[in-house]
Amino acid sequence: MKPLRDLSIAQRLAAMFALAALLVFTLVGVTLYKVLEMQIVRYQHAELETKLRYVAGSVAVCDMRDRWYKVQDKVESLTSSDRSTKIWAWSDDSGFRIGHSTPKVEAAKKRDRGMGRLWLSDSNAPYRTLEEVIPPRGERPQVRLWIGIDSWPYVAALRSFAWALVALGVVGTALVALLGHWIALVGLRPLQRLSSQAQRLSPSNLSQRLQPTELPPELGRLTGAFNGALDRLEAAYTRLDSFNADVAHELRTPLTNLMGQTQVALSRPREVAQLEDVLQSNLEELERMRGIVNDMLFLSRADQGDIALDRVCVPLAAEVAKTGEFMEYLLEEAGMRLRIDGAADAWIDTSLFRRAITNLLHNAVQHATPGSEIVVELREGVGAPSECGTGASVAVRNHGSSVEAEHLVRMFDRFYRVDAARQHRGERHHGLGLSIVKAIAALHGGNVFASSGEGATTVGFSLAAPESVKV
């Protein structure tokens, strides 16, 4: 027999239908058998009661020995016409007896309605008996009267009925199993059509979806959920394909520069100073490639959750100020000022937080109007200002050209640049800075946000309070 896990759904349903049918047939069969058994007992009792009244009436009116033969004649006529009936009468006077000895009747059970059981050597089933004591009258002493009927015809009928019920149950269960299997196959046809559609899905056609038409509501919901998963997979595949193209584009440029400069340097003998210039230029390209690879590795580890956070509760304004000091030269070169507005305390990984602030300030310096002011706004989350761990938000605002809404929604995508040029203010950037900010915010349980309008652009992220940290 196959284990349950190897059975098809149709076979499992058929087995469950068969089991349910077997239970129902068994319950109905046992009930019918018990009802018939009670009816037979009631009929036997009524038959015995009638015959007992007939014989007992004759015994009761007999008061003389000479008249006892009339009772014997009635008993003889009753037993001769019905061989299944036996009658015994016993008294202290041998002249008022019927039979050679008293019958050994088993005590009556509650369900037998007062009828005893008597086993005879020539019977296949016990006799059902009723007993009555007739008080003395005249010459006749007290007489104990037994009357019994053979229960074999009733037992045989019950057995035949039981076997009929068993046969009916077996045949009915088999029919229900076959019919249930057929019904299951018919009911599973929509699932088979759905499976055929799923087998036709191919990576070459990512937009292909399962058709939910003419499906039951349950499969319709399943199809909708599966199509939703396909939508997410297509979007992820598209992003991955775009990411691969962007990576290839970003790495191709420095590799081309390295190869071109090296080929030119090797085309003829060069002075030491010229070779040093070539090596210095190559080093810059290699540094750029290393930066791209490191940023890609960080994003990959962040996506997989392989970056462990060492959180501490610190004032965010102090961390922003330290980052501003690190970028002081870049701000002075652009003629810009940094101002910190507000205060907030939060649980953060200080190194990752400073990296996110550095990327935001770099982005602000690149796109701000020279000589303008860059503002870092710090806001507490929900809770009292003195509490640490209630969450916070950090926003960097710069003044310059407004960013269109179509760019805002993609600003945190990897390798995405608002401007079409590949460099800004003479510096080349590979478009992973804001993606790293988004990854760091996610590691802290927060989100990123961006808005632009009226000559000001605000980019920032939120920080959530970790539940595992005790304040």
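Numbering starts at 1 and runs along the sequence shown.
Contact of the Val171 side chain with the Leu175 side chain is registered, since non-hydrogen atoms from C-beta on lie closer than 4.5 Å. Contact of the His444 side chain with the Asp349 side chain is registered, since non-hydrogen atoms from C-beta on lie closer than 4.5 Å. Side-chain contact between Leu316 and Leu463 is present, with at least one heavy-atom pair separated by less than 4.5 Å. Put simply, the side chain of Ser84 does not reach to within 4.5 Å of the side chain of Pro153, judged on heavy atoms. Contact annotation: the side chain of Met115 approaches that of Leu48 to within less than 4.5 Å [non-hydrogen atoms, C-beta and beyond].
Heavy-atom neighbours of Trp152 CH2 from other residues, nucleotides or ligands within 6.0 Å: above the threshold of 12.
Arg67 and Glu139 are not joined by a salt bridge, as no carboxylate oxygen comes within less than 4.0 angstrom of a charged side-chain nitrogen. We find that Asp341 and Arg379 are joined by a salt bridge, their nearest charged nitrogen and carboxylate oxygen being less than 4.0 Å apart. Contact check on Arg140 versus Asp93 returns no salt bridge, with no Lys/Arg side-chain nitrogen under 4.0 Å from an Asp/Glu carboxylate oxygen. A salt bridge does not link Glu406 to Arg410: none of the charged side-chain nitrogens sits closer than 4.0 Å to a carboxylate oxygen.
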Pair Trp88, Leu118 - check side-chain contact (heavy atoms from CB on, under 4.5 Å), show working.
CA-CA 12 Å; Trp88 298 266; Leu118 174 63; 3.3 Å; yes

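Of all non-hydrogen atoms in Phe449 and Phe412, the two that sit nearest each other are O-CZ, 3.7 Å. For Arg117 against Pro126, the heavy-atom pair with the smallest separation is NH1-CG, 3.8 Å. In plain terms, the two heavy atoms of Asp345 and Pro315 that are nearest each other are OD1-CA, 3.2 Å. Heavy-atom minimum distance, Gly95 versus Arg65: CA-NH1, 3.4 Å. The two residues Val176 and Ala21 make their nearest non-hydrogen contact at CG1-CB, 3.6 Å. In this structure, Arg128 and Gln44 approach most closely via the heavy-atom pair NE-OE1, 3.3 Å.
Checked by atom type and distance alone, the side chain of Asp63 never pairs as donor or acceptor with a backbone atom of Arg137 at under 3.5 Å. Gln197 places a side-chain N or O within 3.5 Å of a backbone atom of Gln211 that can act as its donor or acceptor partner. Between the side chain of Thr457 and the backbone N or O of Ser402, no donor-acceptor pair lies under 3.5 Å. A donor-acceptor pair is defined here as one N or O able to donate and one able to accept, closer than 3.5 Å; such a pair exists between the side chain of Ser8 and the backbone of Gln11. A donor-acceptor pair is defined here as one N or O able to donate and one able to accept, closer than 3.5 Å; such a pair exists between the side chain of Arg12 and the backbone of Leu7. No donor-acceptor pair under 3.5 Å is formed between the side chain of Ser195 and the backbone N or O of Leu191.
In this structure, Trp68 and Phe96 have perpendicular ring planes: the angle between them is above 60°, well past the 30° mark.
For the 3.5 Å distance criterion, the side chains of Gln192 and Arg189 fail to qualify, holding no donor opposite an acceptor.
Of the candidates Ile98, Ile87, Thr85, Val55 forms a side-chain contact (heavy atoms from CB on, under 4.5 Å) with just one, namely Ile87.
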